[in-house]
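First the proteins, then the strands, lettered A, B, ... as listed; each starts at 1. Scope of the values below: all heavy atoms of this structure, side chains included, with no hydrogens, waters or symmetry mates.
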Amino acid sequence: MKYTVSVRGAEIEVELSETDSGWRARVGDRELQIDVERLGRSLQHSFLVDGRSWPVMVERKEARRGAKYVLGVRGERTEALVVDEREKAAAAFDALAGGGQSGETVVESVIPGIVNKVMVEVGDTVAPGQPLLIVEAMKMENEISCESGGVVSKIHVEAGVTVNSGDPLVTLGPEPE
Amino acid sequence: MKYTVSVRGAEIEVELSETDSGWRARVGDRELQIDVERLGRSLQHSFLVDGRSWPVMVERKEARRGAKYVLGVRGERTEALVVDEREKAAAAFDALAGGGQSGETVVESVIPGIVNKVMVEVGDTVAPGQPLLIVEAMKMENEISCESGGVVSKIHVEAGVTVNSGDPLVTLGPEPE
Amino acid sequence: MKKPFEKILIANRGEIAIRVIRTCRELGVRTVAVFSEADRQALHVRLADEAVCIGPPPAAQSYLASEKILDAARATSSQAIHPGYGFLSENAGFSRACREAGLVFIGPSPESIERMGDKVAARRAMTEAGVPVVPGVQNSIEDDGELEKAAAQIGFPVMIKAVGGGGGKGIRIVREPKDLLSAARLARSEAGKSFQDSRIYLEKVVENPHHVEIQVLGDAHGGAIHLGERECSVQRRHQKLIEETPSPLIDEKTRQAMGEAAVRAVQSLGYLGAGTMEFLVNEDLDFFFLEMNTRLQVEHPVTEMVTGVDLVAEQLYIAAGEPLRLKQEDIRFTGHAIEARINAEDPDTFLPATGTIQSVEIPSGPGVRFDGAVYAGMEVGLFYDPMLAKLIVWGADRPSALRRLRSALSELSLPGVKTSAETIRLVLEHPRFQSGKYDTHFLESEIENLRGSAPVIESEELAAIAAVLADLEKRRSHLKTTGDGGTSTGSAWKIAGRMAQLRRGM
Amino acid sequence: MKKPFEKILIANRGEIAIRVIRTCRELGVRTVAVFSEADRQALHVRLADEAVCIGPPPAAQSYLASEKILDAARATSSQAIHPGYGFLSENAGFSRACREAGLVFIGPSPESIERMGDKVAARRAMTEAGVPVVPGVQNSIEDDGELEKAAAQIGFPVMIKAVGGGGGKGIRIVREPKDLLSAARLARSEAGKSFQDSRIYLEKVVENPHHVEIQVLGDAHGGAIHLGERECSVQRRHQKLIEETPSPLIDEKTRQAMGEAAVRAVQSLGYLGAGTMEFLVNEDLDFFFLEMNTRLQVEHPVTEMVTGVDLVAEQLYIAAGEPLRLKQEDIRFTGHAIEARINAEDPDTFLPATGTIQSVEIPSGPGVRFDGAVYAGMEVGLFYDPMLAKLIVWGADRPSALRRLRSALSELSLPGVKTSAETIRLVLEHPRFQSGKYDTHFLESEIENLRGSAPVIESEELAAIAAVLADLEKRRSHLKTTGDGGTSTGSAWKIAGRMAQLRRGM
């Protein structure tokens with residue numbers, strides 16, 4: 001079985017086969033012997049890879065394409081996205097279809113928190129760097145501003161609403177020419 | 001609902017009723033307000049009993065009659081056996097039917113371990129205090145002897161066998177008169 | 001041993017409530033926890049002897065609601081209230097309300113808190129006591145015009161600070177005149193929310209400053225001692241991340257002078273309890289009073305590690321009216337201690353993170369202390385401070401302590417939430433931190449370089465392999481559950497499982 | 001800092017393997033764990049850098065299999081082997097095999113081990129070095145007749161001891177002549193199994209003895225220091241349960257004399273590495289050499305807590321040929337430390353217990369150290385020593401340390417297996433232990449009284465209520481799963497669940 005995994009921006013090809021005592025993995029031109037045990041029903045796993053010991057905490061996250069895992073090894077977290085061929089094709093299609101959607105920009109929350117104040121209205125023309133709203137978290141107020149200018153075409157939230165990281169806050173359309 | 005619970009040899013009657021905010025328990029002439037939360041899927045529970053806080057670790061054990069629980073509170077373990085009326089009747093019947101079974105004594109292992117040596121054979125007459133076998137645990141050898149004498153009628157184990165606490169080792173019949 | 005009190009209430013949550021409970025339990029003092037509805041399952045509730053719910057999650061309706069806390073203290077017959085840090089700990093009104101209710105407030109008098117809480121008044125008091133302060137204005141400034149004038153006079157960059165508070169809230173550094181008014185607006189609003197006092201003032205920015213603070217204790221009989229310094233210059237967003245003692249910056253002469261200045265200040269204030277004098281120290285080892293924290297500090301454990309003194313126990317005995325149990329000459333310093341704050345935060349943005357902690361593995365062993373409030377299943381929300389725990393280590397010297405912290409961090413695992421542990425590990429690898437030559441700008445100016453230098457585990461490869469195996473496991477268990485039986489191929493970890501079974505059968 | 005080695009193999013398991021890994025990780029020394037098939041998931045395997053399976057569960061086929069361990073060391077290019085305690089740690093043959101294989105054995109020379117391992121030879125060597133020994137025979141005794149004669153000469157009660165070993169194995173105390181031969185038979189068999197040497201000898205029983213031992217370090221250059229004493233008199237079945245330092249029994253003069261005797265012995269032996277001179281001390285403070293443990297002791301952490309010295313690090317540097325990094329005058333003692341051994345054992349019988357640890361909650365906070373090998377899901381079996389962990393605390397004085405230990409114990413929870421924690425708590429409550437006036441008979445003679453005095457939690461009532469609620473929960477969840485839907489009455493904890501949901505919706 002052959003898989004593509006995206007780790008820290010790099011695409012890594014992993015070829016796996018089952019052996020009598022565990023797994024054999026081929027990564028690039030290296031071949032590794034792997035013995036792995038999961039500790040009970042926990043997230044903790046013990047990997048022995050060619051005799052080296054790696055405790056790996058495996059968390060599964062939702063992802064749009066493929067399966068995303070957060071792997072914690074000795075306090076270090078690494079995210080890995082497992083993509084199969086079908087998913088790769090779909091992602092490529094998405095990219096072709098254009099993520100930019102006709103010059104629109106969506107300003108997303110970079111922080112989970114509570115919207116404290118919305119400082120713009122639909123139809124406002126905003127300049128690059130202009131503060132759009134304030135999101136409060138742990139009593140710290142954080143101004144959310146836009147990187148590029150435009151015209152506010154949609155406001156997705158109102159004051160008092162709870163938002164998570166990545167939630168859309170404001171959509172900006174292109175400035176009228 | 002009324003329950004009988006056996007704790008450290010004492011039988012405690014508990015009457016429980018559900019309230020808006022938790023439970024009301026009547027134990028003897030005391031009435032207690034109880035708010036309880038289980039922590040996720042863990043064994044740990046947080047009890048607030050009339051404002052006092054008790055973290056309680058709840059383990060369920062198998063028991064012949066009723067349900068046995070081991071309750072860990074701040075490092076102290078207490079065993080409690082919940083008995084309902086039907087089970088109490090059955091236990092009483094068992095007692096009446098006689099646990100002694102015609103003068104036979106079963107010597108049980110007081111320790112989990114591995115039987116190292118069996119020093120008697122079926123038919124042997126043994127004196128009170130005589131060593132019957134050796135059970136080894138953690139490299140310590142422990143002589144298992146009988147409290148009263150008799151004739152060995154059955155040997156339940158052989159050298160090399162693993163035994164748990166309470167497992168029958170040797171059955172002694174009455175001495176011929 | 002005489003108990004300082006029979007029963008006290010702890011008006012706080014999280015690790016500091018647990019810290020106080022631990023000392024009380026040792027001294028035989030019964031504890032009453034208070035909790036908001038969001039904290040019913042919290043560890044401080046379970047570890048306390050009693051617990052009282054004081055309202056809904058928002059702090060204003062629970063941990064900041066003085067009246068509810070006083071009611072809880074009366075209902076439980078508590079003799080005293082320990083405020084921890086944050087929340088009501090530096091609220092003079094609360095200290096006064098305790099006094100009026102006949103309860104002992106474990107901390108200084110309302111008058112001391114007011115004097116030091118008003119950062120402008122504190123600066124004046126220190127100047128009078130002969131302690132140098134950071135150059136700046138003498139009063140708070142309301143008017144925008146005045147603000148612009150004062151800032152120009154001091155010269156950019158200037159620091160906007162809240163009159164009413166500390167802890168990084170309401171602070172803005174302004175580099176250009178054009179940003180002054182917008183920064184002031186945000187600072188006022190934050191300050192108002194955090195301290196119920198929206199007044200601000202201006203200070204000169206001390207260039208390349210070190211944040212060095214002195215721990216002090218004062219009793220009700222005029223006694224005052226200091227317990228050495230703490231270096232707290234690893235900060236981001238004006239929040240400390242790593243603290244250590246002794247400071248790698250200052251020399252013995254400066255240490256002595258700062259300690260003496262701090263004791264002088266405590267005596268001139270008639271200060272009661274544990275407190276911290278914060279100083280900025282520049283590269284010439286000149287030191288300037290910054291503010292006084294009239295409470296226990298988050299980073300107090302490093303002082304405990306090198307002195308062997310239990311600061312919470314001393315707080316309790318002082319509050320009970322006892323004279324100081326330690327003289328200045330009893331305070332001896334051994335080795336080096338470092339604290340790392342484990343916050344729920346995104347290491348890429350330093351912003352608070354949320355999630356459910358799936359399991360807890362905490363470091364242990366020689367010289368390792370973990371003051372935490374975490375448990376498996378804990379939901380980390382947005383209502384309160386994101387600090388989850390503190391990892392503190394002691395070593396015979398600074399290099400040993402650094403190595404031990406790095407080693408201990410590798411044993412910490414709190415899957416389900418991102419933490420500051422990654423940032424801390426990066427800092428520990430940095431040559432400037434290792435050399436001890438770092439100031440308060442260090443972290444924010446170096447963080448991008450730090451991230452670039454992220455030590456890659458063997459192990460992008462390992463990550464890829466582990467992810468594939470985890471995914472395989474997921475698919476197979478899915479097959480087993482939803483498929484039609486015959487096609488089940490079993491677990492990806494099956495070899496392990498089978499071996500384990502064989503073993504059990506032996 | 002120079003590393004003592006690049007990579008070492010740890011020929012042990014459990015908490016001591018982890019203890020060694022922690023120091024190595026700090027020093028930048030890579031570690032190789034070995035494990036039996038029963039330990040594939042063990043914590044020491046996960047914490048080490050590398051791991052090698054060395055055979056089936058029985059120790060004779062894995063942790064005692066020298067050849068397999070040497071093979072593993074060679075295969076992993078390890079430079080040295082740390083034996084921990086138990087297993088091969090006092091096996092002269094193994095020390096010699098390491099030497100012959102070109103590997104450094106982190107411990108004394110085979111000659112030293114042989115001399116001290118033969119308890120009869122050790123007694124002779126000590127007598128020659130001018131260190132007092134317990135009265136007894138000069139040689140081992142094979143013949144039953146001779147045994148009876150010698151015992152009569154010494155006078156009952158006598159102690160049967162194994163020539164080849166320590167650690168309580170092969171020891172029998174005999175009070176009456178009639179029990180002598182049966183006790184000797186068991187002692188010989190146990191000794192043969194534990195030490196591959198079934199020889200025994202006899203010693204006089206010292207009445208009401210204290211077990212006090214001195215920690216020593218010797219280097220390859222003739223250097224020798226001691227690190228004070230440990231009192232280890234809380235024992236049952238000849239196994240220590242609680243250890244502390246300083247000893248509450250001995251005075252400064254005795255401490256000095258014992259320390260000097262121990263250093264003299266180390267020098268006269270040319271002893272290399274960490275070792276412990278065990279003494280019996282009677283009520284008149286006369287001390288008698290009992291035996292020398294030529295390895296790290298289980299209870300070494302109490303010494304580390306009061307001196308700040310990392311004994312494992314010193315072992316590594318000594319083994320690497322360095323001269324001692326510490327002089328006698330560098331060793332300063334601060335405060336009081338106590339260790340409690342957390343064994344898997346039935347508190348009613350002191351016999352080993354088995355089970356699966358369901359979850360792990362470990363104590364933490366100021367002055368608390370936990371050296372453990374436990375994890376949630378761990379199966380505690382019968383193959384190895386039942387010790388799961390050690391809880392060590394430091395306090396400014398003995399009463400503070402005792403209070404801290406009691407407090408820390410209340411935070412320890414390992415559901416699924418019975419442990420010695422309950423016995424330890426009972427001991428801590430006992431006035432004789434609190435007063436420090438206890439000898440090696442204390443625990444076994446007082447245990448029944450101790451059990452009678454078991455502090456009853458509020459809480460037989462609480463236990464009853466909790467059990468009923470748990471039972472209710474069980475029945476209701478059963479109903480929900482197997483019943484026909486409509487009759488489900490939900491969880492007994494449902495109120496909590498509903499409130500939690502409401503909160504999340506806020």
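Interface residue L409(D): only backbone heavy atoms are found under 4.5 Å from chain B. For E411(D), no part lies under 4.5 angstrom from a heavy atom of chain B. Both the backbone and the side chain of A464(D) come within contact range of chain B, judged by heavy atoms closer than 4.5 Å. Only the side chain of I134(B) comes within contact range of chain D, judged by heavy atoms closer than 4.5 Å. Heavy atoms closer than 4.5 Å to chain B are found nowhere in T419(D), neither backbone nor side chain.
The residue among S6(B), G75(B), S42(B) with the most heavy atom pairs within less than 4.5 Å of chain D is G75(B). When each of S359(D), P347(D), G416(D) is scored by its heavy-atom pairs under 4.5 Å with chain B, the top score falls to G416(D). Comparing E143(B), R77(B), M57(B) by how many heavy-atom pairs each has under 4.5 Å with chain D, the most go to R77(B).
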Verdict with reasoning, Y63(D) to D39(D), per side chain to side chain donor-acceptor pair (under 3.5 Å):
CA-CA 11 Å; Y63(D) 298 104; D39(D) 278 342; 2.5 Å; yes

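Checking Q235(D) against E444(D) by side-chain atom types alone, no donor-acceptor pair falls below 3.5 Å. There is a side-chain donor-acceptor pair under 3.5 Å between Y69(B) and D471(D).
Looking at residues two or more places apart in sequence or on another chain, you find a salt bridge (charged side-chain N to carboxylate O under 4.0 Å, His left out) between E79(B) and K68(B). Qualifying side-chain hydrogen bond (donor to acceptor under 3.5 Å, both in side chains) partners for S364(D), counting only residues two or more places apart in sequence or in other chains: none.
Considering all non-hydrogen atoms of both residues, S420(D) and N343(D) come closest at OG-N, 2.8 Å.
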